[in-house]
Amino acid sequence: QVHLVESGGGLAQPGGSLRLSCAASGSIFSIYAMGWYRQAPGKQSELVASITSGDTTNYADAVKGRFTISRDTAKNTIYLRMNSLKPEDTALYYCHAHGERLGGTDFGSWGQGTQVTVSS
């Protein structure tokens, strides 16, 4: 099985910064892409940022210029550096990975989430 573990969430003041991490482990041969999603109470889940094995990145308009996604391929880990945080960034942030298992089958896995709260 493939498992994702997120960390780095917490409380930040408006204008502050946080860095999220997501580490994938288990029966992994390769990872095609990983990304961060978020969901606030009463709102739909949305893609925040994603990165492919070829280092192509994609960002939601609301976070462009403030958030940066990166990866450490050797560790099967991605990061989300969040600068200039706003109260509207408050949400539960989930990590997702899509790849190939040992043995040749594809997988799609979700982490359990890490809470980000931006408040004064």
Which atom names give the shortest non-hydrogen contact between S84 and R66, and what distance separates them? O-NH1, 3.0 Å
Identify whether Y79 and V116 are in the same connected component of the hydrophobic contact network (ILVMFWY, side-chain heavy atoms under 4.5 Å). no
Considering only heavy atoms from C-beta outward, does the side chain of I51 approach that of T56 to under 4.5 Å? no
Note: V2 and I28 closest approach over all heavy atoms is CG2-CG1, 3.8 Å
Please determine whether residues V5 and I31 belong to a single hydrophobic cluster, defined as Ile, Leu, Val, Met, Phe, Trp and Tyr linked transitively by side-chain heavy-atom distances below 4.5 Å. no
Measure across S7 and T114 and return the closest heavy-atom pair with its distance rounded to 0.1 Å. C-OG1, 4.3 Å
Atom CD in Q44, atom OH in Y37: separation rounded to 0.5 Å? 12.5 Å
Let me confirm one number: the CZ-OG distance from R19 to S70, rounded to the nearest 0.5 Å. 6.0 Å
When you look at CZ of F29, are more than 12 heavy atoms from neighbouring residues, nucleotides or ligands closer to it than 6.0 Å? no
Non-hydrogen side-chain atoms of P87 and P14 separated by less than 4.5 Å: yes
Determine whether L11 and M82 fall in the same hydrophobic cluster, where Ile, Leu, Val, Met, Phe, Trp and Tyr are linked whenever their side-chain heavy atoms lie under 4.5 Å apart. no
For the pair R101 (side chain) and D106 (backbone), establish whether a donor and an acceptor sit closer than 3.5 Å, ignoring hydrogens and angles. yes
Contact check, side chains of C22 and W36, non-hydrogen atoms, under 4.5 Å: yes
So that I can tick it off, tell me whether D61 and K64 are bridged by a salt bridge, with the cut-off set at under 4.0 angstrom between side-chain N and carboxylate O. yes
Of all heavy-atom pairs linking L18 and G10, the shortest is CD1-O, 3.9 Å
What's the shortest heavy-atom distance between K86 and V118, and which atoms? O-CB, 3.3 Å
Mark yes or no for whether S50, through its side chain, and G35, through its backbone, hold a donor-acceptor pair below 3.5 Å. no
Short question: side chain of S120, backbone of Q13 - any donor-acceptor pair under 3.5 Å? no
Can you find a pair of side-chain heavy atoms, one from Y59 and one from I69, that are under 4.5 Å apart? yes
H96 NE2 to E6 CD distance, which is reported to the nearest 0.5 Å: 11.5 Å
Give a yes/no verdict on a cation-pi contact between R38 and Y94, requiring under 6.0 Å between NZ or CZ and the six-membered ring centre and an angle within 45° of the axis. no
Measure the NE2-OG distance between H98 and S109 for me, rounded to the nearest 0.5 Å. 10.0 Å
For N83 and S17, run side-chain hydrogen bond (donor to acceptor under 3.5 Å, both in side chains): C-alpha distance rounded to whole Å, both residues' side-chain angles, the deciding distance at 0.1 Å, then the answer. CA-CA 4 Å; N83 294 331; S17 298; 2.9 Å; yes
Spacing of F107 atom CZ and S30 atom OG [to the nearest 0.5 Å]: 7.5 Å
Within this structure, what is the SG-CG distance for the pair C95 and L20, rounded to the nearest 0.5 Å? 9.5 Å
Is the number of heavy atoms from other residues, nucleotides or ligands under 6.0 Å of E88 CD greater than 12? yes
Hey, are the side chains of F67 and L80 touching, using non-hydrogen atoms and a 4.5 Å cut-off? yes
In terms of heavy-atom contacts, does CD of Q115 have more than 12 from other residues, nucleotides or ligands at under 6.0 Å? yes
